[in-house]
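One structure is given here, and the rest of the page talks about it.
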Amino acid sequence: MKQRHKTNEHIRSRFPLSSKYDIDWMIENDMGPNALWLTEELCKSMILKPGMRVLDMGCGRAISSIFLAKEFSVQVWATDLWIKASDNWKRIKESGMEGSVFPIHAEAHNLPFAEEFFDAILSIDSYHYYGTSDMYLRYFIKYLKPSGYLGIIVPGLMKEITGKVPDHLLKPRGGGNPFWDNSECWSFHTPAWWKHHLSKTTLVDIKVLDPITDGWKLWLYWEEIKNRKGFTKYPDESKALRNDKGRYLGLVRVLAQKK
Ligand SMILES: C[S@@+](CC[C@H](N)C(=O)[O-])C[C@H]1O[C@@H](n2cnc3c(N)ncnc32)[C@H](O)[C@@H]1O
C-alpha cells in the first residue's frame, strides 16, 4: 500500500500518515473528499490509544477504518449502509487488518451494538446524511461510553443559505447536474449551526467546532488529483469549488465529549 504517486509537499507535511498510502488505492475506494486526509485531520485533536474500540460510522469502503487500525492500533467496527460488509471484508483482508477491523452492514438508526461499547466514535463525510434530526444524537450517543469522544467531519457551509441558492452552485457540473442537488446539500451547515444542533441536547461538551483550515482547497485539490487520473465514477465537483473559493463550501470539524 506504499504511495506510488507523489502528492504536493503541503499535503505530505500536513498529512504525514496518509501520505504513506497509495493514491491509486485511495482513488479506487473514494466516496468524497479524501477520507484518509480527513481522518488524520480529526485524529490530531482526538486521543486514540492502542486497543480502544472505535466505531467508524458511515465508513464507506472502510479505508478510514483500515487507516485507524494501522496507524493507532485501535479496533475498528467499520459500519456502513451503502457498501456491503462482504465488500469491505475483502478490502480489510487485503490490507492485512482482519484482526482489528470488523465490517458491519447497518443503518444509522438501527445499530447492532451494545450501549456504551465504544471508547470513541468517528464519522467522516457521513453524519450529515442521518444526524441532522434533533432526535438523532440521543439515539447515537448511547453507543459511546461516558466521557468518550465523538469526532465528525462533514462537508459544510461557511454561511448558511437561507434564500436563493447562489448561482455558481447551480451551474451544471460534469455529468449534467448542478453541484447543489436539492437533496444532500440541504444537510450542509455552518459550524455555528452544528454547535447549536449538538450542544442544545446537553448530551455532549463541545471541545472543537470549526471549519478545518483550507477545507475547500483540500476538497478541490483531491478533485483535481482524481480528474488528472481520469476518475469519473462521481460527478466532478472542482468547478463549483473553484468558483465558490470558500465563500460557502468547506469542511466542518466537530469534536465532542459525551457527558
Ligand atoms: C459520502 S460517503 C462517505 C464514505 C466514507 N466515510 C468516505 O469518506 O469515503 C457517505 C457514507 O455514509 C453512509 N450513510 C449514509 N446514510 C447512512 C445511514 N442512514 N446509515 C448508515 N450509513 C449511512 C453511506 O453508506 C456512505 O458510505
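The basis for the numbers below is simple: all heavy atoms, side chains too, and nothing from hydrogens, waters or symmetry mates. All residue numbers in this chain count up from 1 along the given sequence. Quantities reported herein were computed from a predicted structural model and do not represent experimental measurements. Both counts, for ligands and for their atoms, begin at 1 and track the order of listing.
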Short N or O distance, Tyr130 and ligand 1, threshold 3.5 Å exclusive: no
Do ligand 1 and Asp80 have nitrogen or oxygen atoms that lie under 3.5 Å from each other? yes
Under 4.0 Å from a heavy atom of Ile124: give me the atoms of ligand 1 that qualify, with their elements. 5 (C), 6 (N), 8 (O)
Less than 4.0 Å between a side-chain N and a carboxylate O, is that true for Asp119 and Lys49? no
Numbered atoms and elements of ligand 1 in range of Glu107, under 4.0 angstrom, heavy atoms: 18 (C), 19 (N), 20 (N)
Number the atoms of ligand 1 from 1 as they appear, then name those within less than 4.0 Å of a heavy atom of Gly60, with their elements. 4 (C), 5 (C), 27 (O)
Write out the residue and atom name of the closest protein heavy atom to atom 2 (S) of ligand 1, then the distance separating them to 0.1 Å. Asp125 O, 3.8 Å
Ala106 contact mode with ligand 1 (heavy-atom cut-off under 4.0 Å): backbone
Minimum distance, heavy atoms only, to atom 5 (C) of ligand 1: which one of Gly58, Ala35, Ser126 is it? Gly58
Ring-plane angle category for Phe117 and Phe113, please: parallel below 30°, perpendicular beyond 60°, tilted otherwise. parallel
List the closest protein heavy-atom neighbour of atom 24 (C) of ligand 1: residue, atom name, distance to the nearest 0.1 Å. Trp82 CD2, 3.2 Å
Can you label the angle between the Phe102 ring and the Trp77 ring as parallel, tilted or perpendicular, going by 30° and 60°? tilted
Which atoms from ligand 1 have a heavy atom of Met57 less than 4.0 Å away? 21 (C)
Donor + acceptor pair across side chains of Asp236, Asn227 (<3.5 Å): yes
Electrostatic pair Asp134-Lys200, nearest N-O below 4.0 angstrom: yes
Within the structure, is a non-hydrogen atom of Ser64 found at a distance of less than 4.0 Å from ligand 1? no
Cation over ring face, Lys159 and Tyr248, 6.0 Å, 45°: yes
Check whether any N or O atom of Ala108, backbone or side chain, sits under 3.5 Å from an N or O atom of ligand 1, and answer yes or no. yes
Any ion pair linking Glu223 and Lys239 (charged N to carboxylate O, less than 4.0 Å)? no
Compute whether any side-chain donor of one residue and acceptor of the other, for Asn29 and Arg91, lie under 3.5 angstrom apart. yes
